[in-house]
Amino acid sequence: MEELTFNEIISYAKIAEDNAKKFYLDAAAIAEQRNVKEFLESLADEEQGHSDRLEGLRKAIQERGVVPQMHQDIRNLGYADYIEPVNLDSDASYKDVLEVAMAKEKEAIKNYESFARYVDDPEARKLFGLLAEEERRHLKRFEEDYDDLQNQYY
Amino acid sequence: MAIVVRKIKRKIGIRRGGRGAESSTLRPQYTFKTPPCSHACPSSEDIRGYLVKMAQTENYAWSHEDAIEDAWHTITDKNPFPAVMGRVCPHPCESECNRKEKDQAVGINNMERFIGDYGIENKLALKKLNGDSHSEKVAIIGAGPSGLSCAYQLARRGYPVTVFEMFDKGGGMLRFGIPIYRLPDDVLDAEIRKIADLGVDIKYSTKIGRDVSFDNLKKDYKAIYVSIGAHTGWDMNIPGEDAANLWTGADFLHRISAGEKVDIGNKVIVIGGGDTAIDAAMTSLRLGADVTILYRRTRNEMPAIDHDIVLAEEEKIHFEFLAAPVEIIKDGSGRATAMKCLRMELGEPDASGRRRPVPIEGSEFTVETTAVISAIGQAPDYEGLERFKNDRGWINADDEGKTEMDAVWAGGDVTIGLGIATEAIGLGRTTAASIHAHLRGNDMEKDPDWPVVRTDKMNLGHYVSLERMQEKFLPPAERKTNFNEIRFALTQEQVLEEAKRCMSCGRCFDCDNCFTFCSDSAVKKLSKDLPFGEHYEFHLDTCQGCKKCAEECPCGFIDML
């Protein structure tokens, strides 16, 4: 792992984002609820946005030679720790999509955090940390939407 | 005796101001306004109308009984459940009452209860609006407050109405979600019976979508109102939730209401901060358990009615705030024995405006339990009606209750997402007006859209401060071991006294101030046989626009235009 270059790390992350985009588009194609379909399409757009941001990060690192600092500690709400998402089918609800999205973000965080543990290069570790932080931010947004939806009376 | 106002110690004819004191081009006009109580009431009850009439009995030589009976008919014009709502409504009317600015809000809810009970005891019957009879059959799915309200409003317009109810009794969440110590069954039964007596056919134990298909219903009825409520408790989605001794609040209260024996042991944890959590906790206490309510925010954010929280506190129910469950720990037989929880702290406000609880890392703790009741929210049961469910789990309906399907309306919890019963009743009423308009090919009749009068347009100095008649409750020691009703009704004397505290905001109550203060002889008295608000008229040919009448009108009925 220590031999990974920044470019390779970013490329890996972009592939993950592109896969996520494809996942949401496939789910949108079969979803019957108009709002759910639109929500899934918006998530696919967001994954494209993440991919674009990674490309921007690649350029920034190439120009400045260092990985940007992480900004803040993101505190998640913990739903992704125990919720088991259902498979998204044609009957998928907004809640189902949020559960799947939280699980995917949680998995991405775990991946980046484990990569960070296995690399020796401090800058590469920082980059994985930065990517994990980005995913944590996405997860927090989904968790808050889920909390608003599912726990509005609680 | 009337609404209690200060006596104006001035003989008619010796008028303050005098000609030439002040004049303007403005002229007075009596203008009906909406009182804030009715404006805040989701059922739009004419609260001012019936309270003023009760307060004015002696002025108009009505008997008290006539006034109370008239009040019952005034309430049931909008809401066929006065005895029920007089017990369970969180009374947003009182929260908005202008009298708060003077001393205390008028005790509207207590009076509604008394009037409702009077209607039951005296066997008062709901009235049809007129002698019309229509042939178009209407089906209502669900005999909860919204469905029965809609059924009543359609039946009184002359339609044949059939209500399909999946349970063996009516009332919906009023029966299966509210314990009998707050709402005795016989009160609910009596008010449902009055609706049935009007000709509404209620078919119990008949679930549309299971026993009768929705498509068949659509063929047989010209209009359908879907008011299936939200009877299914939400899951917490945590490990171990399938424990045999874990129930949702809705399921638990339903079982108790249906007379089932539920083995909860002696140490119950109730999760949630809403009305269902409080009801489940107080019910568990009455079954002999030591009860803790675990809530993830603080008392300030609890959505339950504040007074009900106070009642639970009085009964020594424990509260564990800023804590949330993360796992149910079960024994070998699949029963919950403990619950793993996390401490929380409040972060930024969420979509509800309340600060969002955020887990504190490493704060895990475990509590032992003999039963868990999760009361964190409820959802509708869409079996056979899946086509109506939107992406958020509710049904889309417009302002008139129309769904996207032709001739199908929806309302109540299933469209508003867990509201209060009076909202459901209000939606049932307005939807009935929409269905009637649709079936007759007319525009929907709407309630008058008068401006709401607040105290800045009133003259509170004219009203005498009067102490509010306070209802009494069974002492905690006497109530927490049984299911006896915990709140007592006011007496008739107290109700008639309390009615006098209504300030008749925005509508004339014959105080004579405009007549007394006018120095230009521009106010004429008319016959008291005319409706309220029409007992005076302005003769503007002599008016100088001094504004005295408007300034001295206590209730804000006069505008200078």
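Values below: all heavy atoms of this structure, side chains included; hydrogens, waters and symmetry mates excluded. The structure displayed is predicted, hence computed values, not measured ones. Numbered from 1 within each chain, the chains take letters A, B, ... in sequence-line order.
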Side chain from CB out, backbone as N, CA, C, O: work out which of these in A:Asn76 comes under 4.5 Å of a heavy atom of chain B, or both, or neither.
backbone
So with a 6.0 Å cut-off around CG of B:Asp399, is the heavy-atom count from everything else above 12?
no
Which of the residues B:Leu342, B:Asp350, B:Thr276 is involved in the greatest number of heavy-atom pairs with chain A at under 4.5 angstrom?
B:Asp350
How far apart are the closest heavy atoms of B:Lys389 and A:Gln33, and which atoms are they?
O-NE2, 2.6 Å
May I ask you to name which of A:Glu143, A:Lys95, A:Glu84, A:Glu144 has the most heavy-atom pairs under 4.5 Å with chain B?
A:Glu144
Taking atom CD of B:Glu241 as the centre, does the number of heavy atoms from other residues, nucleotides or ligands within less than 6.0 Å exceed 12?
yes
B:Asn396 versus chain A, the contacting section by heavy-atom distance below 4.5 Å
neither
Tell me, yes or no, whether the heavy-atom count around B:Arg210 atom CZ, taken from other residues, nucleotides or ligands under 6.0 Å, exceeds 12.
yes
From the options B:Glu361, B:Glu345, B:Glu348, select the one residue that forms a salt bridge (Lys or Arg N to Asp or Glu O under 4.0 Å) with A:Arg75.
B:Glu345
Is it the case that over 12 heavy atoms from other parts of the model lie below 6.0 angstrom from the CD atom of A:Gln62?
yes
Can you tell which part of B:Pro303 gets under 4.5 Å to a heavy atom of chain A, answering side chain, backbone, both or neither?
side chain
CG on A:Leu77 to CZ on B:Arg296, rounded to 0.5 Å
8.0 Å
Compare every heavy atom of B:Pro359 with every heavy atom of A:Gly78, then report the nearest pair and how far apart it is.
N-CG, 4.5 Å
Please identify, among B:Met302, B:Glu327, B:Arg354, the residue contributing the most non-hydrogen atom pairs under 4.5 Å to chain A.
B:Arg354
B:Asp391 bridged to A:Arg34 by N-O distance under 4.0 Å:
no
Heavy atoms of B:Gly273 and A:Tyr154 approach each other most closely as N-CD1, 4.5 Å
OH of A:Tyr79 to CG of B:Asn237: how many Å apart, nearest 0.5 Å?
9.5 Å
OH-NZ distance between A:Tyr82 and B:Lys340, expressed to the nearest 0.5 angstrom
13.0 Å
So which of B:Gly417, B:Ala324, B:Gly377 has the biggest tally of heavy-atom pairs under 4.5 Å with chain A?
B:Gly417
